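In what follows, a single structure is set out as structure tokens and then discussed.
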Amino acid sequence: MKLRISSKLASVHSEVVVVDHEEKAVFSTRTDPLSAPRCTRLYDAGGLELAHYTTTRTDEKDRAYSVSIDGGVSFTTKRSFRVSSSTSEAVIKVAQMGWAVLTQRAWSSRFEVRSDDGEVLARAKQVPALRGDVYDVEVLDEEHAIEMVLLALIARSIIRDDAPSPV
């Protein structure tokens with residue numbers, strides 16, 4: 001399944017749309033800017049809430065998220081750096097699922113979701129020619145499509161938040 005994640009036109013990262021290869025909306029998100037902890041909700045194309053994830057505004061160390069999917073699935077994520085002296089490569093651990101998201105931030109950022117045995121479950125690459133944090137995502141494990149989309153949204157946020165401030 002091939003998807004594209006991008007911010008809605010008049011939104012500052014609080015509303016995101018996920019479209020398929022025909023540019024039809026598959027998912028969307030809304031973040032309540034005043035919620036504490038900050039809560040982002042994932043909706044299907046019909047507007048039905050499927051999941052939500054939260055993080056605190058002050059969590060710069062671990063960039064930890066708590067995810068709840070309707071139907072009882074929940075997990076937490078925690079970011080660490082592959083090399084302590086560099087923020088260009090991070091690992092986001094999904095302990096309850098045995099997955100890891102490996103991110104690389106450079107001219108064009110990318111990430112992969114891998115199982116504990118190294119199988120690639122999803123991969124994404126930033127689309128540099130488009131405005132904002134636009135990513136093309138390929139979901140290889142369609143049985144866990146919602147989880148892969150949620151992890152892609154979280155990885156996209158972490159890559160953006162870990163980027164050094166321009167001088």
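These numbers come from the heavy atoms of this one structure, side chains and all, not from hydrogens, waters or symmetry mates. Model, not experiment: these values are computed from the prediction. The residues of the chain are indexed from 1 along the displayed sequence.
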_For Val137 and Val149: C-alpha separation, side-chain torsions, deciding distance, then whether side chain to side chain contact (heavy atoms under 4.5 Å, CB included) applies._
CA-CA 8 Å; Val137 179; Val149 168; over 6 Å; no
*Tell me, please, which residues at least two apart from Asp162 pass salt bridge (charged side-chain N to carboxylate O under 4.0 Å, His left out).*
Arg63, Arg79
*Under a 4.5 Å cut-off applied to non-hydrogen side-chain atoms, are Ile69 and Leu150 in contact?*
yes
*Given side chains that start at C-beta, do those of Ile154 and Val67 come closer than 4.5 Å, heavy atoms only?*
yes
*Should Thr40 and Leu153 count as side-chain neighbours, where that means a heavy-atom distance under 4.5 Å?*
no
*Answer yes if Tyr43 and Val73 sit in the same cluster of Ile, Leu, Val, Met, Phe, Trp and Tyr residues linked by side chain heavy atoms under 4.5 Å apart, and no otherwise.*
no
*May I ask you to decide if Val17's main-chain N or O and Ser28's side chain share a donor-acceptor pair within less than 3.5 Å?*
no
*Mutual orientation of the aromatic rings belonging to His144 and Trp99 [parallel < 30°, tilted 30-60°, perpendicular > 60°]*: perpendicular
*asked:* Membership question, hydrophobic clusters at under 4.5 Å side-chain separation (ILVMFWY): are Leu50 and Met148 in the same one?
replied: yes
*Any Cys39 side-chain heavy atom under 4.5 Å of Thr54 side chain*: yes
_Approximate separation, where rounding is to 0.5 Å, of Arg105 CZ and Arg160 CZ_ = 12.5 Å
*How would you list, by chain and number, every residue that makes a side chain to side chain donor-acceptor pair (under 3.5 Å) with His52, sequence neighbours excluded?*
none
*Taking every non-hydrogen atom, the tightest pair across Ala155 and Val101*: CB-CG1, 3.9 Å
*Are Leu140 and Val120 side-chain neighbours, meaning at least one heavy-atom pair lies under 4.5 Å?*
yes
*From Leu102, Ile158, Ile159, residue fulfilling side chain to side chain contact (heavy atoms under 4.5 Å, CB included) relative to Phe111*: Ile159
_Short side-chain donor-acceptor distance under 3.5 Å, Gln96 and Thr76_ = yes
*Is any side-chain heavy atom of Met1 less than 4.5 Å from a side-chain heavy atom of Asp20?*
no
*asked:* Quick one, Arg4 and Val127 - any side-chain contact, counting heavy atoms below 4.5 Å?
replied: yes
_For Tyr65, is there any backbone N or O sitting under 3.5 Å from a side-chain donor or acceptor partner on Thr55?_
no
*Indicate yes or no: at least one non-hydrogen side-chain atom of Ile92 is less than 4.5 angstrom from one of Leu151.*
no
_Between Val26 and Leu42, is there shared hydrophobic-cluster membership here, with clusters defined by ILVMFWY side-chain heavy atoms closer than 4.5 Å?_
yes
*asked:* Looking at Arg156 and Asp133, would you say the former's side chain and the latter's main chain have a donor-acceptor pair under 3.5 Å?
replied: yes
_Partner of Gln104 under side chain to side chain contact (heavy atoms under 4.5 Å, CB included), chosen from Glu112, Lys125, Glu89_ = Glu89
*Atom pair OG/NZ of Ser66 and Lys78 - distance to nearest 0.5 Å*: 14.0 Å
